Amino acid sequence: MQYAQVAEAEGASDHGPAALGSSPLLDVTMLQRHGSARVRDLYLKQMTAGELRTCYAMTEPDVPGTDPLMTRTQAIQETDGSWTVSGRKWFTSQAADADLVTVLARTAGAPPDREGLSLLLVPTDSTGFRVVRENARVRRAGSRRSSWTVSPCPQTT
């Protein structure tokens, strides 16, 4: 069976993504293909073992729909090589329960530039990471969608 067929069937159910692990699958796939060796060593084994819960954060307030080119969340690289992330995301499924968030942030340029968009991993126990509220009106069975801020959040990977 092709993955597209599985994804279509899973999307027809409120519990399909949680039961089949599609959110972690996206994070694991991105890390395996694009993560540095250090980041893969830190997180990949725990993610695939189900020991780390993850989520993906792209959508921001005051942006029409989910338009990545309008991303305002910023990440600034510090002199020691770590990153400081500042911004706000919302409609982030499972953020309140996650150990690690994959965050779309701007490392260069300004909206609506295509250049300078990066994905960074932010541990949810980082200083500055705070879930502001759950968005009860858009809650689906088995999926909690949260609004959260990071202001500023040092030492992301």
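Bear in mind that the values here come from a model prediction, so they are computed numbers and not experimental data.
A donor-acceptor pair under 3.5 Å is formed between the side chain of Thr48 and the backbone N or O of Leu44.
Not counting sequence neighbours, the partners of Glu78 by the side chain to side chain donor-acceptor pair (under 3.5 Å) test are Thr84. In this structure Asp113 satisfies the salt bridge (charged side-chain N to carboxylate O under 4.0 Å, His left out) test with no other residue, sequence neighbours excluded. For Thr124, the side chain to side chain donor-acceptor pair (under 3.5 Å) test picks out no residue, with sequence neighbours left out.
Residue Leu100 holds its CG atom at 7.5 Å from CG of Leu31, rounded to the nearest 0.5 Å. Here the CG atom belonging to Asp62 is positioned 10.5 Å from the CE atom belonging to Met70, to the nearest 0.5 angstrom. Between the OG1 atom in Thr54 and the CE atom in Met30 there is a gap of 8.5 Å [rounded to 0.5 Å]. Distance check, rounded to the nearest 0.5 Å: CG of Leu120 to OG1 of Thr102 gives 9.5 Å. Put simply, CZ on Arg40 and CZ on Arg33 are 13.0 Å apart, with the number rounded to the nearest 0.5 Å. How far CD of Glu60 is from CZ of Arg88: 10.0 Å, rounded to the nearest 0.5 Å.
Contact between Thr71 and Ala105 at its shortest, heavy atoms only, is CG2-CA, 4.1 Å. Taking both residues in full, the closest heavy atoms of Asp99 and Glu51 are given as OD2-O, 4.0 Å, listed atom of the first, atom of the second, then distance. What you find for Leu42 and Gln46 is that their closest heavy atoms are O-OE1, 4.0 Å. Scanning both residues, Tyr43 and Pro123, for their nearest heavy atoms gives OH-CG, 3.8 Å. Taking each heavy atom of Lys89 and Leu104 in turn, the nearest pair found is NZ-O, 2.7 Å. For Glu115 against Arg106, the heavy-atom pair with the smallest separation is O-NH1, 3.3 Å.
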(message) Between Arg53 and Asp97, does the salt bridge (charged side-chain N to carboxylate O under 4.0 Å, His left out) criterion hold? Intermediate values first, please.
(response) CA-CA 7 Å; Arg53 293 166 297 181; Asp97 299 319; 5.0 Å; no
(message) Applying side-chain contact (heavy atoms from CB on, under 4.5 Å) to Val103 and Thr73, what does each step give before you reach the verdict?
(response) CA-CA 9 Å; Val103 179; Thr73 297; 4.3 Å; yes
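Clustering ILVMFWY residues whenever any of their side-chain heavy atoms sit less than 4.5 angstrom apart, transitively, puts Leu117 in a cluster other than the one holding Ile76. Cluster annotation: Leu69 is connected to Tyr56 through the hydrophobic network of ILVMFWY side chains, with a link wherever side-chain heavy atoms come within less than 4.5 Å.
In this model, no donor atom of one side chain and acceptor atom of the other lie less than 3.5 Å apart for Gln77 and Ser82.
With a 4.5 Å cut-off on side-chain heavy atoms, Val85 and Phe129 do not count as touching. Counting only heavy atoms from C-beta outward, the side chains of Leu121 and Val39 approach each other to under 4.5 Å.
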